[in-house]
Amino acid sequence: MELTFKVNGRTEHLELEGHETLLDVLRDDLNLTGTKEGCREGECGACTVLVNGRAVDSCIYAAMAAHDADVETVEGLAKNGRLNSLQTAFAESGGVQCGFCTPGFLMMLTALLDRYPQPDQVQVRDALSGNICRCTGYAQIEEAVERYLEQGKIE
């Protein structure tokens, strides 16, 4: 089967088997390893990417469902080698420890902030309810969102 889609603004054409997940295509075929494999069940959020602006668990998302779609991964957030303001807020707030879950959190929050530019704490917590962090804790991640909102979106 032929898959054509945009990934981080670049058009990709791939030949796939019908059973492949978007996670596998991103990591194995396109070498975009920022998207992490955690649970393979859509429970941990480490594999979160945006498909047409909507956050999805790429480990359970059929790659062919992304045909003609715009996919954004964590690699697409930084521009010209510079972290975007949400990534910077994560670093400044200590919202990163081992870093394994960070790409999923960043992508989920990107989807939230695109939809609700000034989310309240309940919206932030609700959006993050599908992402698991095993070491940093959620206080620093919520603090990163607060810092981002206070500083304004600077890309």
Side-chain angles (χ1 to χ4, degrees), residues 1-78 83-84 86-87 89-91 93-117 119-146 148-149:
M1 302 176 80
E2 185 176 319
L3 171 64
T4 300
F5 63 148
K6 280 191 176 182
V7 180
N8 301 326
R10 181 178 160 179
T11 301
E12 300 286 350
H13 304 281
L14 301 168
E15 282 292 324
L16 304 179
E17 304 218 2
H19 62 81
E20 292 183 71
T21 66
L22 184 55
L23 173 67
D24 293 332
V25 168
L26 293 171
R27 290 183 59 81
D28 299 339
D29 296 331
L30 300 178
N31 201 32
L32 295 171
T33 57
T35 303
K36 303 301 182 203
E37 178 184 339
C39 65
R40 277 271 178 208
E41 296 177 356
E43 295 292 327
C44 74
C47 67
T48 303
V49 299
L50 305 184
V51 176
N52 293 330
R54 194 179 111 239
V56 301
D57 293 318
S58 64
C59 71
I60 58 171
Y61 194 88
M64 289 307 298
H67 187 71
D68 289 333
D70 287 318
V71 174
E72 187 174 10
T73 70
V74 70
E75 289 91 349
L77 295 181
L83 298 179
N84 75 11
L86 181 60
Q87 292 171 303
F90 255 70
S93 299
V96 178
Q97 192 166 334
C98 82
F100 188 82
C101 66
T102 305
F105 275 100
L106 287 167
M107 298 314 295
M108 182 61 74
L109 287 167
T110 296
L112 172 71
L113 293 164
D114 285 347
R115 187 168 181 193
Y116 302 105
D120 62 31
Q121 190 177 42
V122 172
Q123 289 171 310
V124 171
R125 287 182 177 174
D126 185 54
L128 298 180
S129 65
N131 292 70
I132 297 172
C133 175
R134 291 172 176 89
C135 55
T136 299
Y138 299 91
Q140 295 92 332
I141 293 168
E142 288 180 22
E143 181 183 321
V145 176
E146 289 174 25
Y148 167 86
L149 293 171

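Side-chain atoms are counted along with the backbone in the values below, which use heavy atoms only and exclude waters and symmetry mates.
- Judged purely by atom type and a 3.5 angstrom limit, Glu142 has no side-chain atom pairing as donor or acceptor with the backbone of Val124.
- A donor-acceptor distance shorter than 3.5 angstrom exists from the side chain of Asn84 to the backbone of Gln87, with no hydrogens or angles considered.
- Considering every non-hydrogen atom in both Gly53 and Ala111, the closest pair reads O-CB, 3.9 Å.
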Just do the side chain to side chain contact (heavy atoms under 4.5 Å, CB included) check on Arg125 and Val122 with the steps written out, would you? CA-CA 5 Å; Arg125 287 182 177 174; Val122 172; 5.9 Å; no
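- Closest non-hydrogen pair, Met108 versus Thr48, comes out as N-CG2, 4.0 Å.
- Side-chain contact between Val51 and Phe5: absent, with no pair of heavy atoms (C-beta onward) separated by less than 4.5 Å.
- Smallest separation of non-hydrogen atoms from Ala66 and Leu22: CB-CD1, 4.3 Å.
- Note that CD of Glu72 is 10.5 Å distant from OG1 of Thr35, once rounded to the nearest 0.5 Å.
- Phe105 CZ to Phe100 CZ: the interatomic distance, rounded to the nearest 0.5 Å, is 12.0 Å.
- Judged by distance alone, with hydrogens and angles left aside, the side-chain atoms of Asn52 form a donor-acceptor pair with the main-chain N or O of Asp70 at under 3.5 Å.
- Minimum interatomic distance between Phe90 and Ile141 (heavy atoms only, all atoms of both residues): CZ-CG2, 3.7 Å.
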Please test Thr110 against Leu77 for side chain to side chain contact (heavy atoms under 4.5 Å, CB included), starting from the C-alpha separation and ending with a verdict. CA-CA 9 Å; Thr110 296; Leu77 295 181; 3.8 Å; yes
Using side chain to side chain contact (heavy atoms under 4.5 Å, CB included), reason through Tyr148 and Leu113 one step at a time and then give a plain yes or no. CA-CA 10 Å; Tyr148 167 86; Leu113 293 164; 3.4 Å; yes
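- Remark: the backbone N or O of Cys47 is paired with a side-chain donor or acceptor of Ser58 at under 3.5 angstrom.
- For the salt bridge (Lys or Arg N to Asp or Glu O under 4.0 Å) condition, the pairs that include at least one residue of residues 34-49, sequence neighbours left out, are Asp24-Arg40, Glu37-Arg40.
- Rounding to the nearest 0.5 angstrom, the gap separating the CG atom in Leu23 from the CG atom in Asp28 is 7.5 Å.
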Distance-only criterion, 3.5 Å: show the donor-acceptor pairs between side-chain atoms of residues 127-134 and protein atoms not counting sequence neighbours.
| unit_1 | atom_1 | unit_2 | atom_2 | d |
| --- | --- | --- | --- | --- |
| Ser129 | OG | Asp126 | O | 2.8 |
| Asn131 | ND2 | Gly45 | O | 3.2 |
| Asn131 | ND2 | Gly104 | O | 3.3 |

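- Arg27 contributes a side-chain N or O that, together with a main-chain N or O of Thr33, makes up a donor-acceptor pair within less than 3.5 Å.
- The shortest side-chain heavy-atom distance between Met1 and Glu17 does not fall under the 4.5 Å cut-off.
- Gly42 and Cys59 make their closest contact through N-SG, 3.3 Å (heavy atoms, listed as atom of the first residue, atom of the second, distance).
- Taking 4.5 Å as the limit, every side-chain heavy atom of Val96 sits out of range of all side-chain heavy atoms of Cys101.
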Mind listing the side-chain donor-acceptor pairs of residues 8-16 below 3.5 Å, one per line with the distance, residues two or more places apart or on another chain?
| unit_1 | atom_1 | unit_2 | atom_2 | d |
| --- | --- | --- | --- | --- |
| Asn8 | OD1 | Thr73 | N | 2.8 |
| Asn8 | ND2 | Thr73 | OG1 | 2.8 |
| Arg10 | NE | Glu12 | OE2 | 3.4 |
| His13 | ND1 | Thr4 | OG1 | 3.0 |

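- Atoms CZ and CD, from Arg115 and Gln123 in turn, are 9.0 Å apart once rounded to the nearest 0.5 Å.
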